[in-house]
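Everything on this sheet refers to the single structure shown next.
Note that the coordinates shown come from a computational prediction; the quantities given were computed from them, not determined experimentally. Convention: sequence-line order gives letters A, B, ...; per-chain numbering from 1.
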Amino acid sequence: MDFTVFAQQIANGLVNGMAYVLIATGLTLVFGVLRIVNFAHGEFYMLGAYITYFIGTLLGLDYIAAAAIAAIVVAGLGIAANKLIFWPLRRDHEFTILLSSLGLALLIANGGELLFGADPKYIESPFADEVLDIGTVTLTEQRVLVFAAAVVALVAVYLFIRYSRFGKMMRATAQNPNGAALTGINIKLVHAYTFALACGLAALSGALVGPTVMIFPTIGNWAVLKGFIVVIMGGLGSVTGALFAGLLLGVIESLGGGYISLGFMEAIGYAMIIAVLLWRPNGLFSTARGLR
Amino acid sequence: QQPPLRIALIGPMSGTGAFEGQLGLEGAQAMAAVINANGGIAGGRKLELLTYDDKGSPEDGVSAAKRAMEQDNVDMIVGGWFSAVALSMKEVTRDKIITVMTSSQHPKVTEEGHKYLFRLNATSAMMSEFYSKAICERIKPKSIAFINVNDDWGRLELENYTKLLTGCGIEVKGHEFYNRTDTDFTTALTKLKSLNADAIYVAAINTSQGATIYRQIKQTGYRGKVIASAGNMNPKLVELSGNSLEQVYSASPFTEDGSAPSLKPWLEQYRKSYKNEPSFIAALGAQAVQAIAFGVEAAGGDPRAYDKIAAALKSQEVPTVMGDLRFSDKGQANQAIHLVQIQKKQIVSVRD
Amino acid sequence: MLKVEGLKVSYGHREAVHNVSLTVEEGELVTLVGSNGAGKTTTLKAISSLLRPSGGTITFDGERIDRMAPHQVIERGLVHVPEGRQLFPDMTVLEHLELGALRGRPGSMGFAERLRWVYDLFPILAERRTQRAGTMSGGQQQLVAFGRGLMANPKCLMLDEPTLGLAPIIVDTLADTIKSLHKSGITVLLVEQRVDLALRLADRAYVLETGRVVMEDSAQTLLADPRIKTAYLGL
Amino acid sequence: MNPAGQEILSVSNLTRIFGGLTAVRDVTMSVQAGEVVGLIGPNGAGKTTLFNMLGGSLPPSSGSVRFDGTDCTGAPSHVMGQRGVSRTFQITSLFPSLTALDNVRSAAYRTTRAGWGAAILRSAAYRREEEELRRKALEILAFCDLDHRADTLADAMSYGEQRRLEIAIALAAEPRLLLLDEPAAGMNPEEGQRLVEMIRRIRARGVTVLLVEHHMRVVASVCDRLVVLDHGVKIAEGPPAQVLNDPEVIRVYLGREPVDA
Amino acid sequence: MNINSNGQTLAIAAGLAALAVLPFLSGNAYLEHLLVLWMLYALLALSLNIVIGYLGELTFGHAAFVGVGAYTSAILSTQFGLPPLLGLPLAALVAASFGLVIGYAALRVVGPQFAILTLGFGAILFTITNHWVDLTRGPMGITDIPPMAIGPLTFTAARETYYLVLALVLATAWLCHALVTSRTGRAFLAVRENAPLAASLGINVFHTKLLGFVAATAIAGIGGAIYAHYIRVITPDIMGVHNVAALIIVVIIGGRGTILGPILGALVYIGLLESLRVAGPLRMVIFAALLTGTVVFLPGGLVSLWQRWRTSRKPEAIQPAAATSYPSAEGGAK
Ligand SMILES: Nc1ncnc2c1ncn2[C@@H]1O[C@H](COP(=O)(O)OP(=O)(O)OP(=O)(O)O)[C@@H](O)[C@H]1O
Ligand SMILES: Nc1ncnc2c1ncn2[C@@H]1O[C@H](COP(=O)(O)OP(=O)(O)OP(=O)(O)O)[C@@H](O)[C@H]1O
Ligand SMILES: [Mg+2]
Ligand SMILES: [Mg+2]
């Protein structure tokens, strides 16, 4: 096929991949750092999208402001979820915590359906229909925004975890909560902040990805699965890994869909994940945990 | 005071099809309200609708049908919004209870012709027969490409239209199938755009997928014509798609400016009760209720006289919001189909 | 300085520590002696708030601490070097020391000075500052845990089996360190299975059996006590 | 069982490198059947690393390991286990949410035969074996002074008790060679004496023991022979009395700790 | 898990008797249908429990094996006219073969990576089922599947099917009981609790896991086949992630690693969803809230209620205290 199409497919893949990365960033925090498999992450993504929508349509605020408010509100919800569910369960078996997050996901998704209605909605964004021509490639401004925001969010999170004092406290808490408590770390606060940050990021992804598609109460399912795949494939807790994994997944899906079979697009993505994990069981950028 | 006529309404109330299920439910309920306000049927018998969620899955559809029949002992069943559900449900209800299938277009639903089974929507074949003519004669693209949902209906659409449109000299340049779970279509649309067809035909049932496709067609920079599949145009879709549906054609048995006498009261009732705009799916719901009411009335008011009711429905014209219906011996309705177009964000019927 | 009165701690339905009372005066070095399962670790965990007591009170510097979170206890200068090291396997030695200093009391020594002090005490930590703790040998890990505790600038140090897994030569160094810490005015509560060593270092000692204090005396007296000799020293 | 005096384990030129660090360098040593050999050395000398290579959980960088006449270099852990090498871990390692009894029963995998099929059919052989296993497990627990804790979850035991449970687990596999990594850690001198007794009785059952330990009283009173490692290199070998008085060993390892050998 | 105490034997006998007469008490075909669903879920949950409860690994691919079993038997009986009874063992066989191949690849990794691998394999099986229209009829699914039949006995009605699945559930329960009281099952638990230690005791961790995984997939295959012949329609949806989620909920809410847990969990799952119908549109919201609440207040699952009750009467029995059950940082166990 000709080069224009190829370049366009690569561009599509990169943007979709970046959307995955954006969703995965918050997951990396709770999953990679606190080792909590949070199935409700996708629902916070959904809430982010819906809150942006409602602030836009009901309060008439502009898109950017609505997205920012949504992120803050959902961060607050994340703190509440942590306080009610994840903090009390922190010492229980990982499967128990997983189930609680599954329950929370069901609760938010069904509550959302009840509250927001089953009808799909569309977030009006000034960038959604503005088309940019970059060379032979055509992209909407919204997609460029998704890409740029993901890069910024990712770099910020990376620097935060790696170098900030709080990041160190988060990692310590993840690896040994008792030891962390004995070192003087307020692990309750660490949990709360981590959830706030992760949920805020989830909401932001919802607000940014939202205008490229339609939103409806079950969009979270899709988001959380893609997010997990990216986190695992990148290597637990590795932000750089998530970046590469997300982009790789996006591009492979788009090329696979474009040149092999659209119906098998997802399956091709999964096949790649399987190949990656069999080749590097701990993900692309695993911090190899010694030899077992 | 006679006991009410109890109708089970089985449809997707949650999950991906929840919005379509909701529209159908609203349509049926608005019609039931209209009939009840006019004193019910057969001398004062009121209609009572019981709703069941099939979640769009055959298993839940079967469970719901069993529950309706065995637990709640309903008189009639309305259901079958999705073909897969319709096909499995009919195995449970066949020959036991009057069942009115609604939007499913799968030919197999009425192929065998169970004695108590009726289906309202036109089959794929009936729709394409009409619509392809309109495309050939009115829209007249030189070449066309398809983007269809990957299920029996989507595949059937491609088959029918490829045959019919090639027949009138339109070149079919290619097609793409997308999955029912997809949310982004840029990859497929990039491929289609590169085919440089005169028109893109979109066969999408799901409202949100449809809206995303129409928007993204424009966002890829495609400048040709867009043709929407028959039977899948609704006001919500128009609202969600922004400007990208402007001037787009579709075909539908339902138009708001129809002449059926029951249409106006139903539209009023619907608008009064619900915030959605009346749509084809809602009209199917209304039609199902009307058909049942008509049958019971014609059979003398006994809701369990299934043989009589079935016979009445198959032998007489049933007046509905979309005009008078005639059912075949196998229970297939014969709907009148109209060409519609989106003009200034309104669905208007195109009459010559 | 540290006062435990009528402490009770339960795991589920089972009480592991019954009515334990003990005091540690400012500047004292007190040791807790008892065989496996006597409740020594449980007592220390209750003091540092890792476990919630089901009865009794704990005061530190005149302030009730038994309802506080662990980090609040540490902010007051009461630092616990736990049994089983409790390290962060994927973090480096240096990161452990940094974290140790994070919530410690501000003191006369700045961070850099304190770090140098710990490195001087245990040169291996300086040598391995970028190694991940999880890959260190057992004894090396024990030193990391000890160093991390020292970085918090404790007023009172609780040590749970600090010599666990250490080579004899390092045990000596550690004993000297504890002694000099004590001399420099730090209060120490020591749990140690090398009972002879502990009693030689300590001023006073409590003997714990199945969750109860059964003896309490000066360390010297206990060291000479025939019951201690047979039950704990294996003589 | 091997007749005493025959070589059961021989290690030659074993080396393990981690990145830039040589944890074990060119170690050659052998153990006779029925012996108790002590492996000592400063922290980080490479003792645990050596154990990991003998137990199969860490492949050596070079060199070879022979157990009972067959070459086992780089054989995976479960193969070594099946051949009869059992070990305890320096960092407590047991089955945390099983009871002490079940810990020991699970550990008897190597010595039991009746599997799932037999259990489904409740065959006579199965019932006999289960009965026997239960008796044996209780006996091992009693041997390790843990019979009163049989129904306690491993997780809920104190540190010292967990250490003894680890030994019970290793014994349940009826090993021919037992690798003990600091079994006396967390025990007081009196308990250490009891451990010495226990090791003697283990030896009396015909098990060969390789022991890593920092408690010199334990080492001195139970070992037939000592091997000393420093920075991964073998620096001394011989009977305890001789090795513990070696000035080099005193300099790098013992310091001034009094030893009554 | 000994059945030696008299009280326990009595309780089991009473439970069995209750299960046997249940359909006669319901007096309503729909309730019998629910009983069948309960048993089907119990069967599938028991099989999933082998992986989640005994091996301690999370799999997101279980529904795919249910689907493989269902499609195998459905295709054999509709396209090749094979009697459904023969379809059962073949469904088990085919599902187990898929389990063997997929397990062989996926069990090289553990924890979340394994979960994602199984998710991936499951998704690929789903996609193939969805697109191989010639074999599976794609998204439209297979209809008109004949009912299960043993000789002259056909299982069209719910009541008969109930007894059939009940028998399978009891057999599987016995299988699981035999497992945990055998050398093999204790190896499963050892691997779950501490794989390195298990290996050092001579247990081949990989083979043990593979055995458990294949056994679980075989039972899932049987469950799927029974399902297909009972509902008589199947679509690729049966392999969907939501079905995996449902099974995981059933196992964990009941009590993972126990036999009663999955059976109870299935009862509560089916029963609760059904009784919440009165709540109308609030149904799923209430269900999710109850689910989340139960997890928070009963982290050990429903069976832990019973354990709690027992420990409150027998104070010597020791439970791990919540306050100290963090796995140690460096410890070999997890
Ligand atoms: N997590 C727990 N759950 C239940 N019981 C526990 C738990 N931890 C300890 N115990 C019990 O509490 C008692 C005291 O244990 P503790 O750890 O305090 O003993 P210790 O004196 O420190 O012994 P050691 O010298 O062996 O470390 C023991 O009987 C032990 O079994
Ligand atoms: N996975 C690893 N990666 C890097 N270095 C390692 C690793 N494992 C061990 N080491 C290093 O190898 C050396 C030997 O460690 P080992 O655990 O064998 O010592 P040891 O003799 O058992 O000491 P101790 O008496 O303190 O237990 C140590 O310096 C340790 O830091
Ligand atoms: Mg202790
Ligand atoms: Mg060691």
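For chain A, the nearby part of Q216(B) is the side chain; its heavy atoms alone come within less than 4.5 Å. Of the atoms belonging to S261(A), not a single heavy atom falls under 4.5 Å from chain B. Contacts between T138(A) and chain B at a heavy-atom distance below 4.5 Å involve the side chain alone, from C-beta outward. Looking at E130(A), there are no atoms closer than 4.5 Å to chain B (heavy atoms on both sides), in backbone or side chain. For T220(B), the part lying near chain A is the backbone, with the side chain staying farther off; criterion is any non-hydrogen pair under 4.5 Å.
Interface remark: of the candidates T4(A), T218(A), N16(A), N16(A) forms the most heavy-atom pairs closer than 4.5 Å to chain B. Of the listed residues (D184(B), N150(B), T181(B), I213(B)), the greatest number of heavy-atom pairs within a distance under 4.5 Å of chain A belongs to D184(B). Contact tally against chain A (heavy-atom pairs below 4.5 Å) for E176(B), K236(B), E20(B): the top residue is K236(B).
Counting heavy atoms from C-beta on, the side chains of M265(A) and T187(B) come closer than 4.5 Å. Here the side chains of D129(A) and R215(B) are in contact, with some heavy-atom distance below 4.5 Å.
Residues F216(A) and S208(B) share a closest heavy-atom pair of CE2-OG, 3.4 Å. In terms of heavy-atom proximity, F177(B) sits nearest to L262(A) at O-CD2, 3.2 Å. The minimum heavy-atom distance linking A18(B) with E113(A) is given by the pair CB-OE2, 3.5 Å. Heavy atoms only, all atoms of each residue included: Q219(B) and V131(A) are closest at O-CG2, 3.9 Å.
Using modelled atom types and a 3.5 Å distance limit, the side chains of D119(A) and Q22(B) yield no donor-acceptor pair. Under the 3.5 Å distance criterion, with hydrogens and angles disregarded, a donor-acceptor pair is assigned to the side chains of N12(A) and T190(B).
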Please evaluate residues M214(A) and L240(B) with respect to the criterion side-chain contact (heavy atoms from CB on, under 4.5 Å), reporting the C-alpha separation (whole Å), side-chain torsions for both, the decisive distance (0.1 Å), and the verdict. CA-CA 8 Å; M214(A) 298 295 137; L240(B) 289 173; 4.0 Å; yes

Between Y122(A) and E239(B), is the side-chain contact (heavy atoms from CB on, under 4.5 Å) condition met? List the steps. CA-CA 9 Å; Y122(A) 177 72; E239(B) 174 199 327; over 6 Å; no

